[in-house]
Amino acid sequence: MLKPDAVGRRLCGKIIGRLEAKGLRLVGLKMQIVPNALAEKHYAEHKGKPFYPALVKFITSGPSIQMVWEGESAVAVVRRMNGVTNGVEAGVGTIRGDFGLSGRYNLVHASDSVETAEREIGMYFDGAELWAYDMPDMHWFTN
Ligand code: CMP
């Protein structure tokens with residue numbers, strides 16, 4: 001997900017460009033202001049933590065972009081590309097490390113496992129909104 005700060009800071013193109021250049025394949029994309037109930041469902045595991053109310057408020061504060069990316073080890077790869085939660089600590093070369101200085105306004109969210117990805121994709125997409133297609137350059141990205 002490109003969070004409201006990524007949209008508001010005009011960084012969506014740069015971030016999507018990194019994922020494309022890495023060799024991942026975009027299979028679904030939409031923009032919405034996430035409704036409160038959906039944000040609470042998405043972040044249910046953080047309910048009760050001190051940052052939870054601010055997190056839900058931020059995620060629902062403006063348009064965000066939900067995406068599904070496919071590729072070899074996509075979950076692990078995207079998490080490495082995002083960097084650790086706080087932009088101050090995130091490594092140079094990561095999305096958060098290169099573009100952010102905040103823990104709350106950290107530009108992107110990515111699923112932390114394949115199981116979480118399946119759950120989160122189901123929250124944001126219908127099957128008919130996901131696209132299977134071939135890319136002519138895919139042989140360059142496989143062993
Ligand atoms: P995300 O990958 O979307 O998953 C949970 C989010 O909670 C995380 O990114 C941060 O935006 C937010 N978060 C986690 N820890 C903190 C914290 N200590 N303070 C503020 N926000 C946090």
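For ligands, and for the atoms within them, numbers begin at 1 and follow the listed sequence. None of the values given here were measured: they were computed from a predicted structure.
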May I ask whether [X] places a heavy atom under 4.0 Å from ligand 1?
X   : result
Y43 : yes
K49 : no
E45 : no

- Task: Among all protein heavy atoms, pick out the one at the shortest distance from atom 18 (N) of ligand 1; state its residue, atom name and that distance to 0.1 Å.
- Result: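 Answer, as residue, atom name and distance: F51 CD2, 3.8 Å.
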- Item | atom 11 (O) of ligand 1 [closest protein heavy-atom partner, distance rounded to 0.1 Å] |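 Scanning the protein heavy atoms, the shortest distance from atom 11 (O) of ligand 1 goes to K3 NZ, 3.1 Å.
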- Side chain proximity check, H42 to V34, heavy atoms < 4.5 angstrom: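 Side-chain contact under 4.5 Å: no.
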Check each atom of ligand 1 against the heavy atoms of [X] and keep those under 4.0 Å away; list them by number with element.
X   : result
L55 : 6 (C), 7 (O), 11 (O), 12 (C)
H46 : 5 (C)
R96 : 2 (O), 9 (O)

- N106 N/O under 3.5 Å from ligand 1 N/O: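 Yes, N106 has an N/O under 3.5 Å of an N/O on ligand 1.
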Would you confirm whether [X], through its side chain, and [Y], through its main-chain N or O, come within 3.5 Å as a donor-acceptor pair?
X   : Y    : result
D5  : L107 : yes
E89 : N86  : no
R96 : G83  : yes

- Query: Between the side chains of S64 and Q66, is a donor N or O closer than 3.5 angstrom to an acceptor N or O?
  - Reply: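 The answer is yes; a qualifying pair exists.
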- Message: Just checking Y52 against Y43, ring centres under 6.0 Å apart?
- Response: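 No - the distance between ring centres of Y52 and Y43 does not fall below the 6.0 Å cut-off.
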